[in-house]
Amino acid sequence: MKFSKYFIPTLINSPSEAEIISHKLMLRAGMIKQSSAGIYSWLPIGLKVLKKIEQIVREEQNNAGAIEILMPTIQSADIWIKSGRYKEYGKEMLRIQDRSGREMLYGPTNEELVTEIFQAHINSYKDLPKNLYHIQWKFRDEIRPRFGVMRGREFLMKDNYSFDINKENAVISYNNMFKAYVKSFLRMDLTPISLRADSGQIGGDLSHEFQILAKTGESTLYFDKELESIDPQNIDPKKLQNYYAVVDEMFDKKNCPISEEKLKISKGIEVGHIFYFGTKYSKPLNAFVQNQNGEKVEVHMGSYGIGISRLVGAIIEAHHDEKGIIWPESVAPFKLSLINLMPENDECIKICNSLYNSLKSNDEILYDDRIVSIGKKLSDNELIGIPHQIIIGKNTLKDKLYEIKNRKTNKIIKLSLEETMNYVGKIF
RNA sequence: CGGGGAGUAGCGCAGCCUGGUAGCGCACCUGGUUUGGGACCAGGGGGUCGAAGGUUCGAAUCCUUUCUCCCCGACCA
């Protein structure tokens with residue numbers, strides 16, 4: 001993609017609406033535009049990152065055997081009245097009426113809808129277990145939206161719902177998702193810490209929340225150091241669940257079960273939450289199956305959420321420096337940027353064009369061909385945070401070597417054309 | 001919802017106290033000079049001063065109402 005033809009409206013000053021670092025950087029890097037409190041438009045590179053996160057989550061859901069569907073954003077109030085949550089949910093739920101005065105709502109979550117789908121089509125224990133997920137926009141009319149996309153009112157969430165014949169099997173589904181969650185976050189270069197949690201409004205008796213470590217996180221976590229070094233090849237949910245990990249309100253120095261050397265204190269941001277809640281929704285919404293004896297039994301359910309749009313902010317909180325964002329490769333809007341420092345020099349143009357033409361087919365390269373000052377160009381690229389940069393300028397004209405800079409380490413290496421192509425091949 | 005703050009050009013801000021018809025930096029446009037760290041010179045365009053009402057000869061400025069946004073708290077992916 002040629003920068004000059006694209007749309008990345010970077011800013012020097014961050015708008016006064018932003019307070020925290022990820023919000024400021026997202027505005028400055030031209031990723032989002034606020035529409036109203038807690039509601040955002042996603043501009044091109046913001047959208048690209050959002051889609052990449054979504055895709056990682058999707059792949060790990062599919063790997064874990066979950067099946068993708070898509071439920072609507074607008075729901076009828078009926079099923080919420082049935083489940084009893086229409087009253088319970090309060091002002092957080094955005095309630096609307098259609099033209100004939102029917103009560104509708106913008107879905108804050110989907111337990112009722114998915115249960116309805118399930119009960120309409122699944123009747124036998126032979127069809128279990130089932131695990132359905134979707135990635136859809138939700139709306140919760142938060143008392144106070146804040147922190148940019150980290151706590152928006154409209155937000156993109158992956159939520160899924162497991163259905164099992166009994167509690168024992170439901171716990172297997174639960175642990176299976178637990179594992180998928182850890183894997184998903186590790187793929188985004190995040191350090192997930194799983195904590196036993198309250199199940200809150202969703203209800204139920206088994207629940208974990210997933211926080212990722214970030215210096216600027218909202219909550220303070222106390223946990224066993226070993227949680228920081230999970231081997232992605234070898235994730236054992238039960239083992240991970242046994243490590244000590246609590247939020248600060250729960251921490252009690254006297255009764256802490258692990259030694260001080262093992263204990264680590266760090267800030268975290270919640271990005272996922274999983275629940276087992278048994279028959280809480282299957283009962284009122286008639287989600288039964290017949291078991292082997294021909295008896296009707298209520299299915300045992302779990303639900304699992306990941307805040308996709310929140311993760312965009314959370315990843316920035318975990319990966320940035322004073323110059324801007326440092327994207328992990330797996331979610332970067334582009335993996336490589338080709339920076340022409342002399343965009344009006346024929347020879348430089350020739351070198352860049354030839355490199356760009358041989359690489360542009362994969363959509364992971366941003367070619368900064370803009371005619372702007374060198375300082376502006378370099379600082380914009382740092383702000384946007386693309387992990388690898390090839391910098392072409394007068395040095396290249398002199399020695400025919402290509403400078404490759406790593407955004408994270410700031411290290412620059414000089415390579416021949418052949419070595420450069422080799423290097424780039426490995427990135428893609 | 002309780003407490004605090006802010007709305008003046010695309011962004012960041014000054015002007016308001018003490019009323020006289022709007023200014024600065026960046027960005028933008030034109031021309032020129034520059035070219036390895038957010039360039040320089042010259043010229044230029046852009047504002048219902050959040051909205052409504054009131055006071056006044058005259059309101060960005062004073063008064064009233066209202067809308068929006070931000071921060072702290074309870075809530076949450």
Side-chain angles (χ1 to χ4, degrees), chain A residues 9-20 23-24 27-28 30 33-39 53-54 57 89-93 107-110 135-160 181 184-185 192 197-202 207-212 218-219 247 249 268-275 303-314 323-324 339-345 348 370-383 389 391-399 403 405 410 412:
Chain A
T10 58
L11 303 167
I12 291 184
N13 300 326
S14 63
S16 57
E17 74 210 31
E19 192 71 15
I20 63 158
H23 192 193
K24 284 183 179 165
L27 290 166
R28 289 191 50 213
K33 164 87 176 74
Q34 177 162 335
S35 159
S36 58
I39 302 178
I53 294 171
E54 181 183 325
V57 171
Y89 226 98
K91 284 197 146 186
E92 256 196 25
M93 180 184 276
T109 177
N110 291 65
I135 297 172
Q136 178 63 292
W137 292 90
K138 309 281 189 291
F139 194 92
R140 292 182 194 166
D141 202 352
E142 298 278 346
I143 300 166
R144 183 151 96 83
R146 62 182 123 173
F147 304 146
V149 300
M150 296 252 282
R151 172 115 112 254
R153 292 193 291 172
E154 189 182 50
F155 58 98
L156 187 61
M157 180 171 164
K158 184 286 304 173
D159 45 322
N160 57 329
Y181 271 43
S184 303
F185 299 132
D198 262 349
S199 41
Q201 209 152 28
I202 312 267
S207 176
H208 284 88
E209 62 179 51
F210 289 83
Q211 302 234 10
I212 58 101
E218 266 192 279
S219 31
V247 291
E249 307 91 81
I269 299 168
E270 188 182 355
V271 292
H273 207 148
I274 63 178
F275 307 88
S303 77
Y304 315 87
I306 292 181
I308 306 272
S309 48
R310 170 177 281 192
L311 271 166
V312 179
K323 292 172 181 167
I339 305 171
N340 185 351
L341 290 184
M342 299 173 80
E344 292 178 296
N345 175 292
C348 259
R370 293 174 303 163
I371 298 170
V372 297
S373 75
I374 286 159
K376 159 94 173 146
K377 199 166 260 201
L378 293 174
S379 55
D380 268 357
N381 275 277
E382 281 157 346
L383 173 63
Q389 306 169 353
I391 300 171
I392 306 292
K394 69 177 179 198
N395 294 350
T396 314
L397 298 185
K398 229 184 293 164
D399 56 20
E403 288 175 44
K405 185 171 156 189
N410 261 317
I412 294 177

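Sequence lines set the chain letters: A, B, ... in the order given, protein chains first and strands last, and positions in each chain run from 1. Given the structure is predicted, the values throughout are model-derived calculations rather than measurements.
Nucleic acid contact class of A:Arg28 (heavy atoms, under 4.0 Å, all strands): base. When heavy atoms are screened at a 4.0 angstrom cut-off, A:Leu156 is found touching no nucleic acid atom at all. If you check every strand for non-hydrogen atoms under 4.0 Å, A:Asn395 touches a base. Heavy atoms of A:Lys405 sit under 4.0 angstrom from at least one base atom. Using a 4.0 Å heavy-atom criterion, one finds that A:Glu17 contacts the sugar-phosphate atoms exclusively. Looking at heavy-atom distances under 4.0 Å, A:Asp380 makes contact with a base.
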Whether each nucleotide of nucleotides 24-30 of chain B has a protein heavy atom under 4.0 Å at its base (B), only at its sugar-phosphate (S) or at neither (-) is summarised, 5' to 3', as -BS----
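For the salt bridge (Lys or Arg N to Asp or Glu O under 4.0 Å) test, residues two or more places apart in sequence or in another chain that qualify with A:Lys138 are A:Asp159. Shown here are the salt bridge (Lys or Arg N to Asp or Glu O under 4.0 Å) partners of A:Arg28, two or more places apart in sequence or in another chain: there are none. The side-chain contact (heavy atoms from CB on, under 4.5 Å) check on A:Ser16 picks up nothing, with sequence neighbours excluded. Residues satisfying the salt bridge (Lys or Arg N to Asp or Glu O under 4.0 Å) criterion with A:Glu270, sequence neighbours excluded, are absent altogether. The salt bridge (Lys or Arg N to Asp or Glu O under 4.0 Å) test applied to A:Lys323 returns A:Glu382, not counting sequence neighbours. Listed by chain and number, the residues in a side-chain contact (heavy atoms from CB on, under 4.5 Å) with A:Lys394 are A:Met342 (sequence neighbours excluded). Under the side-chain contact (heavy atoms from CB on, under 4.5 Å) criterion, A:Ile391 pairs with A:Ile339, A:Leu341, A:Leu378, A:Gln389, A:Glu403, A:Lys405, not counting sequence neighbours. When the side-chain contact (heavy atoms from CB on, under 4.5 Å) test is applied to A:Phe147, the partners found at least two apart in sequence or on another chain are A:Ile20, A:Met150, A:Glu218.
Put simply, the side chain of A:Lys376 and the base of B:rG36 share no donor and acceptor less than 3.5 Å apart. No N or O donor and acceptor, one from the side chain of A:Glu382 and one from the base of B:rG38, sit under 3.5 Å apart. For B:rC75, its base sits under 3.5 Å from the side chain of A:Arg151 at one donor and acceptor pair at least.
In this structure, A:Phe155 and A:Glu142 have side chains that are not in contact, with every pair of non-hydrogen atoms separated by 4.5 Å or more.
For B:rA77, the OP1/OP2 oxygens have no side-chain nitrogen or oxygen of A:Gln211 closer than 4.0 Å. Proximity of A:Ser16 to the phosphate of B:rC70: no side-chain N or O atom is located under 4.0 Å from OP1 or OP2. The phosphate of B:rG73 (OP1 or OP2) has a side-chain N or O of A:Arg146 nearer than 4.0 angstrom.
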Using the 3.5 Å cut-off, write out each protein N or O paired with an N or O of nucleotides 41-52 of chain B and the distance between them.
none

Pick out the pairs of N or O atoms, protein on one side and nucleotides 1-10 of chain B on the other, that lie under 3.5 Å.
none

Where do N or O atoms of nucleotides 32-35 of chain B meet protein N or O atoms at under 3.5 Å, pair by pair?
from: B:rU35; atom 1: O4; to: A:Glu344; atom 2: OE1; distance (Å): 3.4

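Using the six-membered ring where Trp is involved, A:Phe185 and A:Phe210 have ring planes that are tilted, between 30° and 60° apart.
Close placement of the A:Phe275 and A:His273 rings is indicated, their centers lying within 6.0 Å of each other.
In this structure, the NZ atom of A:Lys377 is 13 Å from the P atom of B:rG36, given to the nearest Å.
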- Task: Determine, step by step, whether A:Leu397 and A:Asn345 satisfy the side chain to side chain contact (heavy atoms under 4.5 Å, CB included) criterion, reporting the C-alpha distance in whole Å, the side-chain angles of both residues, the deciding distance to 0.1 Å, and the verdict.
- Result: CA-CA 10 Å; A:Leu397 298 185; A:Asn345 175 292; 3.9 Å; yes
